[in-house]
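What follows is a short report on a single structure.
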Amino acid sequence: MPSSHPRPALSRRGLLTATAAAAAAGAALGLAAAPASAAARSRPFGCHGSPAARPNARTLYVDLYGRGDFTTVQAAVTAAAGSGWTLVVAPGTYRETVLVDRAATDMTWLGAGDDPRDVVIVHDNAAGTPKPDGSGTYGTSGSATTTVRADGFTARRITFANDFLREEHPEISGTQAVAIKVQGDRSAFHHCRFLGHQDTLYADSHSAALFARQYYSHCYVEGDVDFVFGRATAVYEHCHFRTLDRTDLASAPYGFVFAPSTEAANPYGYLVLRGRVTSRAPDAHYKLARPWVPSSSTTARPMLTVRETWLGPGIDAVAPYADMRDAHPWQAQRFAEYRNTGPGAVVTVPENRPRLTAAEAQSHTRRAYLGHWRPYA
């Protein structure tokens, strides 16, 4: 996504390695690391078996301290040739990048902790970070800590993060830093966290001609600029979106929550259902969304429906949408709301808040968007 705003000075790395004092302050936000129990230390894989007691031959165990089959997530993914593997990941912070290629279909990752904060996969590449081989920079897609290209991927109770810090790299202008890029069809995330600043969660597909369905349930996502973006057909149910404060900007807007890039041929884009949007920033300093029409795919007509969701005071209720480019005004896209509540949902300028009728809302459900695939059942 275009780097239209510089990075904030908030330390993502500090949140991931919170002290006990910071944990107490951040517990309400779900940001601080959860303490490891004695049971977690003695039984790192919890109720999911162990290398000595596998539920089946296609289950692999990952543990930083050598109590599993592998000490890194990528090593386990590489070893899981074919379809239908399950990776059980013990509590810990795994500083690495991970790629799930297209051949690894129907893979499941299970965080073995009681809380998604227990298992963290994190790295700090940004779009402008030089590659070690000198071949250029990573670019937005290449900055992703985790990339999922395979169909049928499922993750439970895991944190995906990118802790690139702009203040540590003033020489880098491309500060987009993706925590996870998801391209596969039938990708589901339950009780996961996605942490970053700009371009945190890249919910996408393999190409403009391929529509990828994704489902996010009871997840937490935070960032500042376009931190949920891409062209997937994605349903976000009971999810919490948190906008960050900006110490580097003197005026609003600080950023944008959603930046869909749905193809015009796709009847379904992003659906936010029964969620909430909160903020650490001053009131009215964030836009709810802006449309992304990439120069590489000008046939996009972004689509976002937010329904039955609580919008906090951080959202600009007077003008919740903005343009990314003058050639593609948000009014020409497919943005709509239905029965939202909260101070950020108050309608003061009706033309700035497209709303669905009750009859129209019947076409904007998880079943309509996801078809016969029912990850919520």
Worksheet item: Taking C-beta and beyond as the side chain, do Thr129 and Ile172 meet within less than 4.5 Å on heavy atoms?
Response: yes
Worksheet item: Is the side chain of Tyr270 donor-acceptor paired with the backbone N or O of Ala203 at a distance under 3.5 Å, no angle test?
Response: yes
Worksheet entry | Asp115 bridged to Arg117 by N-O distance under 4.0 Å | yes
Discussion item. Tell me if a side-chain donor or acceptor on Tyr202 pairs with a main-chain N or O of Thr147 at a distance below 3.5 Å.
Written reply: no
Can you give the donor-acceptor pairs under 3.5 Å from side chains of residues 98-111 to other protein atoms, not counting sequence neighbours?
residue	atom	partner	partner atom	Å
Arg102	NE	His206	NE2	3.4
Thr105	OG1	Ser83	OG	2.9
Asp106	OD1	Arg186	NH1	3.3

Practice prompt. Verify the ring-centre separation between Tyr286 and Phe256: is it less than 6.0 angstrom?
Written response: no
Worksheet item: With no hydrogens and no angle check, do the side chains of Asn125 and Thr97 hold a donor and an acceptor under 3.5 Å apart?
Response: no
Discussion item. Testing Arg307, Arg355, Arg353 one by one against Glu337 for a side-chain hydrogen bond (donor to acceptor under 3.5 Å, both in side chains), which residue passes?
Written reply: Arg353
Item to complete: Please examine the side chains of Trp292 and Arg325, heavy atoms only from C-beta on, and report whether any two atoms are closer than 4.5 Å.
Response: yes
Worksheet item: Salt bridge or not for Arg213 and Asp151, using N-O below 4.0 Å?
Response: no
Item to complete: Indicate, with yes or no, if the rings of Tyr338 and His364 have centres closer together than 6.0 Å.
Response: no
Worksheet item: Between Glu237 and Arg366, is there a side-chain N and carboxylate O pair less than 4.0 Å apart?
Response: yes
Worksheet item: Does Phe153 have its ring centroid less than 6.0 Å away from the ring centroid of Phe189?
Response: yes
Practice prompt. Please name all residues satisfying ring pair (Phe, Tyr, Trp, His ring centres under 6.0 Å) with His123, sequence neighbours left out, ordered by chain then number.
Written response: none
Worksheet item: Are the side chain of Ser297 and the backbone N or O of Pro294 linked by a donor-acceptor pair below 3.5 Å?
Response: no
Item to complete: Look at Asp69 together with Arg54 and state whether they make a salt bridge at an N to O cut-off of under 4.0 Å.
Response: yes
Worksheet entry | Any side-chain donor near an acceptor of the partner, His240 and Thr278, under 3.5 Å | yes
Item to complete: Evaluate the side-chain proximity of Val182 to Tyr216: yes if any heavy-atom separation is below 4.5 Å, no if none is.
Response: yes
Fill in: Phe227 and His197: CA distance, side-chain angles, deciding distance, ring pair (Phe, Tyr, Trp, His ring centres under 6.0 Å) verdict
CA-CA 7 Å; Phe227 63 93; His197 291 285; 9.9 Å; no
